[in-house]
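What follows is a short report on a single structure.
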Amino acid sequence: MASLFGWLFETLSFAILWTPDDRGFLTLPFCYLYGTVTLAVYFLLGTPFQGRIADFCARITAGSRSLPRTVFKYVLRFSLYFISVTLLATLAEFTVGLIFIKWADVPLWYYGNFDRTFMDIVCFDFSLLWGVLITVGMCTLWRLFVWIADSMTESVRTVTAVTLITAVSVDFIFNCVYFISTGVHFNII
């Protein structure tokens with residue numbers, strides 16, 4: 001779901017702010033970087049409400065239930081979460097950028113027109129945006145995704161997961177083979 005929302009966000013942003021552009025490496029409407037980072041955040045950190053950072057903040061602020069201590073706990077929890085997801089998303093963007101943009105010369109994105117960039121593949125402003133979007137998304141949309149998954153039967157969940165994994169894997173393989181054989185990224189726009 002995050003890959004689909006990421007693709008929609010990218011596509012609509014570019015269509016409104018700049019010019020329509022093929023967003024991402026895949027042919028299907030998925031930006032795998034969004035989905036991968038979202039899953040990594042969930043498995044490594046959890047959400048701001050449940051997970052390693054929430055547990056850590058609860059331990060260090062245990063004891064008093066005073067209002068200032070409660071406010072401090074939540075400010076600390078969300079600040080640490082935001083910093084952690086921002087760093088994780090930036091590291092993922094940098095790694096994928098090195099592989100695709102610098103090594104394979106597939107121009108998936110380019111931050112050369114922005115200030116505060118590193119190698120034109122990481123932009124500080126967008127890193128902060130990703131941190132905000134992931135933090136807000138893990139507080140809101142993640143619960144919706146979990147609710148949708150929980151309301152499916154086990155067999156529907158399994159078929160959906162296998163179908164999506166197969167479709168994205170075949171699409172990724174197709175795009176890799178196309179790139180290796182032609183030397184250019186398959187672009188549908």
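Numbers here are sequence positions counted from 1. Computed from a predicted structure; not experimentally measured.
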| Note, V122 side chain near T117 side chain (heavy atom, < 4.5 Å) | no
List the atom pairs, donor and acceptor, that lie under 3.5 Å between side-chain atoms in residues 154-161 and the rest of the protein, sequence neighbours left out.
unit_1 : atom_1 : unit_2 : atom_2 : d
E154   : OE1    : R157   : NH2    : 2.7
S155   : OG     : T153   : OG1    : 3.3
R157   : NH1    : A149   : O      : 2.5
R157   : NH1    : M152   : O      : 3.2
T158   : OG1    : E154   : O      : 2.9
T160   : OG1    : V156   : O      : 2.7

| note | dist F100:CZ -> L33:CG (nearest 0.5 Å) comes out at 9.5 Å
| task | Report the C-alpha distance between T38 and I134 in whole Å, list the side-chain angles of each, state the deciding distance to 0.1 Å, and finish with yes or no for side chain to side chain contact (heavy atoms under 4.5 Å, CB included). | result | CA-CA 7 Å; T38 302; I134 293 168; 5.6 Å; no
| remark: Taking every heavy atom of G131 against every heavy atom of T135, the minimum-distance pair comes out as O-OG1, 2.8 Å
| Less than 4.5 Å apart, any side-chain heavy atom of M138 and any of P48? | yes
| message | Can you tell me how the ring of F174 sits relative to the ring of Y178, calling it parallel under 30°, perpendicular over 60° and tilted otherwise? | response | tilted
| task | Show your working on side chain to side chain contact (heavy atoms under 4.5 Å, CB included) between T86 and W130 and close with a plain yes or no. | result | CA-CA 6 Å; T86 300; W130 304 146; over 6 Å; no
| Does OH in Y42 sit with more than 12 non-hydrogen atoms of other residues, nucleotides or ligands closer than 6.0 Å? | no
| Are any side-chain N or O atoms of D171 and backbone N or O atoms of A167, one a donor and one an acceptor, separated by less than 3.5 Å? | no
| task | With sequence neighbours left out, write down each residue that passes side-chain hydrogen bond (donor to acceptor under 3.5 Å, both in side chains) with T90, or none if nothing qualifies. | result | S127
| remark: When rounded to the nearest 0.5 Å, the distance separating NZ of K73 from CZ of F56 is 13.5 Å
| field | Spacing of L76 atom CG and I53 atom CD1 [to the nearest 0.5 Å] | value | 9.0 Å
| message | Would you compute the distance between atom CZ of F72 and atom SG of C57 and round it to the nearest 0.5 angstrom? | response | 8.0 Å
| task | Any chance you could measure S84, atom OG, to L44, atom CG, to the nearest 0.5 Å? | result | 10.0 Å
| request: Could you state whether I99 and F118 fall into the same hydrophobic cluster, counting links through intermediate Ile, Leu, Val, Met, Phe, Trp or Tyr residues with side-chain heavy atoms under 4.5 angstrom apart? | output: yes
| task | Determine the minimum heavy-atom distance between Y81 and G46, stating which atoms define it. | result | OH-O, 2.8 Å
| Does a side-chain heavy-atom distance below 4.5 Å link C139 with F78? | yes
| task | Indicate if V136 and L133 have the same hydrophobic cluster label, given that clusters are the connected sets of ILVMFWY residues with side-chain heavy-atom separations under 4.5 angstrom. | result | no
| query | Is W103 reachable from I121 through a run of I, L, V, M, F, W or Y residues, each pair having side-chain heavy atoms under 4.5 Å apart? | reply | yes
| Check: R77 side chain, D55 main-chain N or O, donor-acceptor pair, under 3.5 Å | no
| query | Is the distance between the ring centroids of F126 and F114 under 6.0 Å? | reply | yes
| If you measure from CG on D150 to CZ on F145, what distance do you get to the nearest 0.5 Å? | 13.5 Å
| request: Determine, stepwise, if the pair L128 / V132 fulfils side chain to side chain contact (heavy atoms under 4.5 Å, CB included). | output: CA-CA 6 Å; L128 293 177; V132 169; 5.7 Å; no
| Is atom CZ of F82 surrounded by more than 12 heavy atoms (other residues, nucleotides or ligands) closer than 6.0 Å? | yes
| request: Using the ring of F49 (Phe, Tyr or Trp, six-membered ring only), decide whether R143 places NZ or CZ under 6.0 Å from its centre and within 45 degrees of its axis. | output: yes
| task | Spell out, yes or no, whether L91 and V37 are grouped together once hydrophobic residues are joined by side-chain heavy atoms under 4.5 Å, including indirect joins. | result | no
| field | CA sep, side-chain torsions, deciding dist, call: M119, Y111, side chain to side chain contact (heavy atoms under 4.5 Å, CB included) | value | CA-CA 8 Å; M119 297 175 62; Y111 291 130; over 6 Å; no
| said: Do V168 and I165 land in one hydrophobic cluster if side-chain heavy atoms of ILVMFWY residues count as linked below 4.5 Å? | reply: no
